[in-house]
Amino acid sequence: MSEPPEGAQPAPAQQAGAPGAGRQPYLDVRDLKVTFGTDDGDVGAVNGLSFTLERGRTLGIVGESGSGKSAASLAVMGLQRGRRTTVSGEIWLDGENLVTSSAERVRSLRGREMAMIFQDPLSAMHPYFKVGDQIIEAYRVHHDVSKKAAKVRAVELLDRVGIPDARRRVDSYPHEFSGGMRQRAMIAMALSCDPSLLIADEPTTALDVTVQAQILDLLNDLQKEFNSAIIIITHDLGVVAEVSDEVLVMYAGNAVEHGSVQEIFSAPQHPYTWGLLSSITRLDRIRSDRLRAVPGNPPSLIAVPPGCPFNPRCQYADLAGPATRTERPTLELVAPGHRVACHLPVETRVRIFREEVAPSL
């Protein structure tokens, strides 16, 4: 990554005398808050989110619709700066704070240092322009090359992501591609400048299982080739288990659990995580009862319940005491690299999971 512009503020741990000065995570998000102003009130889409991600590793962000997953990722990309949107906190990308950087500076990094695969490639790609022209434009924004040279790069990228007969299909329109091919073309566009950070928002939505597996294998191969940091946003816990190194569980704009994929799937400690795991099927065993959905509905982000935002839907809220309805829990370390935001005592969570939850998974 190029040097920060003159006068840019260094990351806190790079300042003189800061603990741990030296090596920093490639992406370091600290107390990120994203608020949308509406006629009905302020929508707290993201409330104090913090996480780090190293190059070569994959973070899976999971949660129901409206939990803040996409809002957080768009903030990282600098795509949330609307007239009625407020973004606060810190987003450090390779030592540079994107929140305090100018819009022009973030725009120069977008595509070159960080890129995003959007949830719906059909709507994310312009229907009036050929697929190749859109990849060419994305490439030429950051490279001083001719259109002819950029087209050669576009054909190379389409071939790399598995588009058959890429030399001919580069001149096709998005509607002439199948869903899987559009997703591959979107990946090709995102990778046109070899970004170090790749955010994939529901990259396998609405794709059949065969194409899903191909897309995930492609992302894995590209990560190995470029040593990219990858964030995968999904509802599919099977995808998370397949490709992620770490898992961040979000609810109502808050992080409720964060840990390694092994910890989250083998020893989860938040009741919401239990609910998510209990609502998916298993192919390696015969279930004796029906899948259990998380009861109730996600809260309105205009009026999030006081205390733990999950308490109205939590069947164990009474065991947590009155604090669950008055105090917002914070992420606390329960094991190396494993943090949980829950008022239930650790011993109670471990017992409930072992005796009630694990047997039904």
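Counting begins at 1 with the first residue of the sequence. The figures here come from the full heavy-atom set of this structure, side chains too, leaving out hydrogens, waters and symmetry mates.
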Asks: Can you tell me how far CG of D217 sits from CG of L222, rounded to the nearest 0.5 angstrom?
Replies: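 Reported to 0.5 Å precision, the distance equals 10.5 Å.
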
Asks: Tell me every residue that passes side chain to side chain contact (heavy atoms under 4.5 Å, CB included) with P306, counting only those two or more places apart in sequence or in another chain.
Replies: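 Counting only residues at least two positions away or on another chain, P306 forms no side chain to side chain contact (heavy atoms under 4.5 Å, CB included).
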
Asks: How long is the gap from CG on D165 to CG on D159, to the nearest 0.5 Å?
Replies: 10.0 Å

Asks: Do any N or O atoms from the side chain of R153 and from the backbone of S192 form a donor-acceptor pair under 3.5 angstrom?
Replies: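 Checked: pair present.
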
Asks: Mind checking whether M77 and L98 have side chains closer than 4.5 Å, heavy atoms only?
Replies: no

Asks: Would you confirm whether R55, through its side chain, and A229, through its main-chain N or O, come within 3.5 Å as a donor-acceptor pair?
Replies: no

Asks: A190 and L198: which non-hydrogen atoms are nearest, and at how many Å?
Replies: CB-CD1, 3.9 Å

Asks: Check whether E263 reaches the backbone of H338 with its side chain - one donor and one acceptor, N or O, closer than 3.5 Å.
Replies: no

Asks: Look at the side-chain heavy atoms of Ile, Leu, Val, Met, Phe, Trp and Tyr, link any pair under 4.5 Å apart, and say whether L79 and I61 land in one connected group.
Replies: yes

Asks: Taking the six-membered ring for Trp, are F310 and Y251 parallel (under 30°), tilted (30 to 60°) or perpendicular (over 60°)?
Replies: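 Plane angle over 60°, so perpendicular.
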
Asks: Salt bridge or not for D94 and R112, using N-O below 4.0 Å?
Replies: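 Looking at D94 and R112, the cut-off is not met.
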
Asks: Between D28 and P25 (side chain of the first, backbone of the second, donor and acceptor by atom type, cut-off under 3.5 Å), is there such a pair?
Replies: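 Side chain of D28 to backbone of P25, a donor-acceptor pair under 3.5 Å: no, none is there.
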
Asks: Short question: side chain of H143, backbone of Y139 - any donor-acceptor pair under 3.5 Å?
Replies: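 Pair found, side chain donor or acceptor close to backbone of Y139.
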
Asks: Without swapping roles, check the side chain of R184 against the backbone of V161 for a donor-acceptor pair under 3.5 Å.
Replies: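 Looks like yes, one N/O pair under 3.5 Å.
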
Asks: Using side-chain heavy atoms (C-beta onward) and a distance below 4.5 Å, is E96 in contact with L109?
Replies: yes

Asks: Please report the interatomic distance CG(L59) to CG(L53), rounded to the nearest 0.5 Å.
Replies: 6.0 Å

Asks: Using side-chain hydrogen bond (donor to acceptor under 3.5 Å, both in side chains) as the criterion, list what pairs up with R339, not counting sequence neighbours.
Replies: none

Asks: Do L158 and V152 sit in one hydrophobic cluster, given that two such residues count as connected whenever their side-chain heavy atoms are within less than 4.5 Å of each other, even indirectly?
Replies: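 Not linked; separate clusters.
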
Asks: How close do L333 and G337 get, heavy atom to heavy atom, and via which atoms?
Replies: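 Minimum heavy-atom separation between L333 and G337: CD1-N, 3.9 Å.
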
Asks: Atom CD1 in I199, atom OG in S73: separation rounded to 0.5 Å?
Replies: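 So the CD1 of I199 and the OG of S73 are separated by 5.5 Å.
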
Asks: Just by distance, do the side chain of N97 and the backbone of V99 share a donor-acceptor pair under 3.5 Å?
Replies: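 Yes, the answer is positive, given that a donor and an acceptor are paired below the 3.5 Å cut-off.
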
Asks: With salt bridge (charged side-chain N to carboxylate O under 4.0 Å, His left out) as the rule and sequence neighbours excluded, what pairs involving residues 130-147 come up?
Replies: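 Sorted pair list comes back empty.
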
Asks: Listed by chain and number, what are the side-chain hydrogen bond (donor to acceptor under 3.5 Å, both in side chains) partners of E64, not counting sequence neighbours?
Replies: Y272, R313

Asks: Could you grab the distance from atom CD1 of I136 to atom CG of L157, nearest 0.5 Å is fine?
Replies: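 The CD1 atom of I136 sits 10.5 Å away from the CG atom of L157.
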
Asks: Determine whether a donor-acceptor pair (N or O, by modelled atom type, separation under 3.5 Å) exists between the side chain of E176 and the backbone of Y173.
Replies: yes

Asks: By the salt bridge (charged side-chain N to carboxylate O under 4.0 Å, His left out) test, which pairs, at least two apart or in different chains, include something from residues 234-250?
Replies: R57-E246

Asks: Identify, with sequence neighbours excluded, every residue that meets side-chain hydrogen bond (donor to acceptor under 3.5 Å, both in side chains) alongside S178.
Replies: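 S178 satisfies side-chain hydrogen bond (donor to acceptor under 3.5 Å, both in side chains) with no residue once adjacent residues are dropped.
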
Asks: Side-chain contact, heavy-atom cut-off 4.5 Å: L27 with I231?
Replies: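 Contact flag for L27/I231 side chains = yes.
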
Asks: Closest approach of P298 and S65, non-hydrogen atoms and distance?
Replies: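 Answer, listing the atom of P298 first, then S65: CG-O, 4.4 Å.
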
Asks: Are side-chain heavy atoms of V240 and F265 found at a separation under 4.5 Å?
Replies: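 A side-chain contact under 4.5 Å exists here.
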
Asks: Measuring only between side-chain heavy atoms, which start at C-beta, is L219 closer than 4.5 Å to I232?
Replies: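 In short, these two side chains touch, coming nearer than 4.5 Å.
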
Asks: Can you list everything that forms a ring-ring contact (aromatic ring centres under 6.0 Å, His included) with Y316? Sequence neighbours excluded, please.
Replies: W274

Asks: Just by distance, no angles: are the side chains of S172 and R169 close enough, under 3.5 Å, to form a donor-acceptor pair?
Replies: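 Indeed, the side chains of S172 and R169 share at least one donor-acceptor pair under 3.5 Å.
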
Asks: Can you confirm whether L49 sits close enough to L248 that some side-chain heavy atom of one is under 4.5 Å from a side-chain heavy atom of the other?
Replies: yes

Asks: Check ring-ring contact (aromatic ring centres under 6.0 Å, His included) between H126 and all other residues, then give those that pass, not counting sequence neighbours.
Replies: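 Testing H126 for ring-ring contact (aromatic ring centres under 6.0 Å, His included), a comparison that skips the adjacent residues, returns Y128, F129.
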
Asks: Once rounded to the nearest 0.5 Å, what's the spacing between atom CG of N254 and atom CZ of R328?
Replies: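 One gets 5.0 Å once the value is rounded to the nearest 0.5 Å.
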
Asks: Please give me the minimum heavy-atom distance between P305 and P312, naming the atom from each residue.
Replies: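 What the structure gives for the nearest pair is CG-CG, 3.8 Å.
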
Asks: Are V141 and L191 in one and the same hydrophobic cluster, where Ile, Leu, Val, Met, Phe, Trp and Tyr link if side-chain heavy atoms are under 4.5 Å apart?
Replies: no

Asks: Establish whether V145 and V155 are linked, either directly or via other cluster members, by ILVMFWY side-chain heavy-atom contacts under 4.5 Å.
Replies: no

Asks: Taking distance alone, no hydrogens or angles, what donor-acceptor pairs closer than 3.5 Å link side-chain atoms of residues 346-355 to residues at least two apart or in another chain?
Replies:
residue : atom : partner : partner atom : Å
R349    : NE   : Q269    : O            : 3.3
R349    : NE   : Q269    : OE1          : 3.1
R349    : NH1  : C342    : O            : 3.4
R349    : NH1  : L344    : O            : 2.4
R349    : NH2  : Q269    : OE1          : 3.1

Asks: Does T58 reach the side chain of Q223, with side-chain heavy atoms less than 4.5 Å apart?
Replies: yes

Asks: Return each pair, listed once, that meets salt bridge (charged side-chain N to carboxylate O under 4.0 Å, His left out) where at least one residue sits in residues 219-230; pairs must be two or more places apart or across chains.
Replies: R160-E225

Asks: Are L32 and F51 close enough, and set up right, to give a side chain to side chain contact (heavy atoms under 4.5 Å, CB included), and what steps lead you there?
Replies: CA-CA 9 Å; L32 176 64; F51 65 88; 5.9 Å; no

Asks: Considering all heavy atoms of both residues, which atom of A75 and which atom of V34 are nearest to each other, and what is their separation?
Replies: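 Residues A75 and V34, closest heavy atoms: CB-CG2, 3.8 Å.
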
Asks: Could you please spell out the steps behind the side chain to side chain contact (heavy atoms under 4.5 Å, CB included) verdict for K151 and K148?
Replies: CA-CA 5 Å; K151 186 171 183 178; K148 182 178 180 179; 5.8 Å; no

Asks: How far apart are the closest heavy atoms of A185 and I135, and which atoms are they?
Replies: O-CD1, 4.3 Å

Asks: Hey, is the main chain of I230 close enough, under 3.5 Å, to the side chain of S228 for a donor-acceptor pair?
Replies: no

Asks: By salt bridge (charged side-chain N to carboxylate O under 4.0 Å, His left out), which residues pair with R325, not counting sequence neighbours?
Replies: D318

Asks: Could you check if a side-chain atom of L197 sits within less than 4.5 angstrom of a side-chain atom of V76, using non-hydrogen atoms only?
Replies: yes

Asks: Going by the rule side-chain hydrogen bond (donor to acceptor under 3.5 Å, both in side chains), which residues pair with S70 if we only count those two or more places apart in sequence or in a different chain?
Replies: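 side-chain hydrogen bond (donor to acceptor under 3.5 Å, both in side chains) check on S70 returns D201.
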
Asks: Is V62 reachable from V340 through a run of hydrophobic residues whose side-chain heavy atoms are each under 4.5 Å from the next?
Replies: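 They do not share one cluster, since no chain of ILVMFWY contacts under 4.5 Å joins V340 to V62.
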
Asks: Step by step, work out the side chain to side chain contact (heavy atoms under 4.5 Å, CB included) result for Y26 and E113.
Replies: CA-CA 11 Å; Y26 184 73; E113 294 293 334; 3.2 Å; yes

Asks: Are the side chain of K69 and the backbone N or O of M250 linked by a donor-acceptor pair below 3.5 Å?
Replies: no

